[in-house]
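Beneath this line is the structure, given in structure tokens, with notes to follow.
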Protein chains: 2
Amino acid sequence: MKTIILKNRPQGKPTVSNFEFLTEDKEITINTGEILLEAAYVSVDPYLRGRMSDAKSYVPSFELNKPVQSGVVAKVIASKNEKFKEGDFVSGMLNWQTQQVSNGEGLLKVDGSKAPLSTYLGVLGMTGLTAYLGLNQIGKPVAGETIVVSGAAGAVGSIVGQIAKIMGLTVIGIAGTDEKIEMLKTKFGFDAGINYNTSKDINADIKKAAPNGVDIYFDNVGGPISDAVLFNINRFARIIICGAISVYNETELPTSLSVQPFLVKNSALMQGFIVSNYADKFPESMQQLSGWLAEGKLNYTETIVEGFDNIPNAFIDLFEGKNKGKMIVKI
Amino acid sequence: MKTIILKNRPQGKPTVSNFEFLTEDKEITINTGEILLEAAYVSVDPYLRGRMSDAKSYVPSFELNKPVQSGVVAKVIASKNEKFKEGDFVSGMLNWQTQQVSNGEGLLKVDGSKAPLSTYLGVLGMTGLTAYLGLNQIGKPVAGETIVVSGAAGAVGSIVGQIAKIMGLTVIGIAGTDEKIEMLKTKFGFDAGINYNTSKDINADIKKAAPNGVDIYFDNVGGPISDAVLFNINRFARIIICGAISVYNETELPTSLSVQPFLVKNSALMQGFIVSNYADKFPESMQQLSGWLAEGKLNYTETIVEGFDNIPNAFIDLFEGKNKGKMIVKI
């Protein structure tokens with residue numbers, strides 16, 4: 001049994017030296033009510049970087065010398081819990097461990113015959129729920145409006161854009177390579193894409209793609225890209241703060257354009273969230289997402305890395321934008 | 001008849017040279033449906049600074065070489081409009097002119113026997129409505145919560161704090177002199193005050209005054225004071241962006257601490273507004289404010305400057321914090 005623990009907190013960009021692999025070679029026994037799980041797919045996500053900092057910056061923080069946790073799909077390989085039987089697959093927040101014991105709390109049974117198991121970490125998991133609930137609960141989209149999505153080729157961003165298209169919006173994505181921009185337009189149906197690495201003037205490029213201004217901004221990145229969007233927001237704009245990957249690795253608190261004058265001038269809203277705020281809406285949201293997926297209205301892209309030992313590197317690669325869509329490690 | 005026009009747009013802090021006085025000595029005649037008004041009290045407000053910039057920065061901008069407008073209480077000195085008679089007093093957005101003609105649209109009759117005429121520019125006017133509606137519609141205050149108000153000794157801030165006290169909140173005000181802090185506590189019933197000019201660490205002083213954190217921040221100022229509040233916000237905090245007086249005179253777009261990481265970490269909301277967004281709620285709000293005023297639950301402070309010619313200077317003095325409470329020019 002292998003475990004990945006957080007050895008020390010990243011200063012700036014995370015490195016493999018922040019993690020340590022522990023190997024144990026003992027028989028694992030389970031008690032009544034417990035199940036033994038074998039990891040099948042592990043999700044690596046930008047928000048985990050925040051949880052690796054100390055509590056002053058982001059809460060709740062991971063404890064040092066304890067296993068890192070993230071979304072995991074695992075197979076039940078032994079069960080003394082009547083709710084689960086050997087061979088079931090479950091998803092939930094679990095340790096970065098090849099095998100682990102659980103009492104089943106917080107775990108959801110998933111069905112690999114209805115959709116590929118990895119999708120329960122992506123479009124049918126927290127990723128899809130984050131996109132759907134952030135967009136709807138905060139963005140309150142109305143057909144005919146214009147939305148800009150940053151981190152658009154990422155796991156959440158690509159789903160946000162597709163849902164916005166289903167709802168009748170004009171969708172503009174911002175991403176970091178021409179290949180990603182092409183994918184946004186051809187695979188995910190975005191109306192326009194802006195490559196922030198080659199754009200000479202992101203503000204002007206947004207103005208061109210959104211001549212009527214921006215009603216909703218789904219922000220996964222923060223930093224200068226988000227500054228550029230501010231110049232283009234409309235009256236009563238809604239800015240959904242889902243993440244700030246551009247600043248997660250900053251060692252000093254970042255500064256940027258003061259948002260307050262833009263918000264007061266436009267009577268605009270900016271709202272941060274985490275998906276668990278809307279836990280009461282998970283069942284109906286999941287039903288909607290499953291429906292769209294079954295109807296072929298939602299595409300998704302996964303970057304699948306193989307091997308438990310590659311979890312830290314897959315996580316680190318997120319900050320280089322090496323993933324397209326959801327980054328998943330197959331064990 | 002005297003008129004004050006906007007001669008040129010302020011670069012940075014406004015000066016008297018941005019304005020020009022025109023004097024005309026002709027008889028004013030009115031047509032059917034019109035009234036002739038004589039200004040009695042003129043309101044000067046920080047937000048007017050924004051409207052003096054060009055449309056790229058703040059809309060709607062005042063036109064050059066046209067009269068500046070603000071809230072004015074005026075006396076009807078001639079009427080050919082059946083809704084108004086000679087001797088009535090009205091309030092509304094009017095020109096900086098000693099006399100002017102109006103068709104009565106957008107004017108509200110006010111009664112000097114119920115409350116002093118100047119209050120219809122302050123606690124019973126846009127100032128009171130801005131405080132009441134911003135706090136309630138965006139802040140959604142709950143008894144037991146903690147609110148911080150910046151620009152607390154200003155016209156809006158002092159009313160916000162008192163309404164929050166009526167609603168059972170712990171109220172902390174930030175202002176720029178010890179005299180103002182004393183006034184917040186003795187006259188307006190604030191629980192604590194912080195002098196940002198003498199504080200060695202505003203962040204630490206807020207933490208001390210709000211040991212349970214900040215649930216609502218009513219922001220009139222922006223800039224470093226607002227940065228300090230961010231470190232103290234609670235989960236699900238609401239930040240009401242009413243104004244940004246600290247940056248109205250900046251010639252470069254100001255930068256400050258990136259708010260996005262704080263908002264996402266705390267699932268917090270930041271919302272800009274102008275009071276006219278809630279025009280449908282004016283009647284009921286006015287009733288509430290009048291009631292509190294009559295019951296002696298709302299105090300107010302005015303800084304009254306005398307003389308039409310002093311309007312520009314009174315306006316300019318706002319940015320030096322020379323006013324306590326509502327700044328009004330008595331004609």
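Just so we're on the same page: letters track the sequence lines, and every chain starts at 1.
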About how many Å separate CG of B/Leu269 and CD1 of A/Ile239, when rounded to the nearest 0.5 Å? 11.5 Å

Nearest non-hydrogen partners of A/Ser267 and B/Asn277, listed with the distance: OG-ND2, 2.8 Å

Side chain / backbone / both / neither for A/Arg238 at chain B, heavy atoms under 4.5 Å: neither

If you look at every heavy atom in B/Leu253 and A/Phe262, which pair is closest and at what distance? CD2-CZ, 4.3 Å

Side chain, backbone, both or neither: which part of A/Asp227 has an atom under 4.5 Å from a heavy atom of chain B? neither

Segment of A/Phe231 engaging chain B (4.5 angstrom heavy-atom cut-off): side chain

Walk me through it: do B/Gln271 and A/Gln271 pass the test side chain to side chain contact (heavy atoms under 4.5 Å, CB included)? CA-CA 8 Å; B/Gln271 164 101 55; A/Gln271 164 101 56; over 6 Å; no

Closest approach of A/Gly243 and B/Val264, non-hydrogen atoms and distance? N-CG2, 4.2 Å

Does atom NZ (A/Lys208) have a neighbourhood of more than 12 heavy atoms from anything else shown, all under 6.0 Å? no

Any chance you could measure A/Leu263, atom CG, to B/Ile240, atom CD1, to the nearest 0.5 Å? 13.0 Å

With chain B as the partner, which of A/Ile274, A/Ile241, A/Val259 has the greatest number of non-hydrogen pairs under 4.5 Å? A/Ile241

If I measure from the heavy atoms of chain A, does B/Tyr47 come under 4.5 Å with its side chain, its backbone, both, or neither? neither

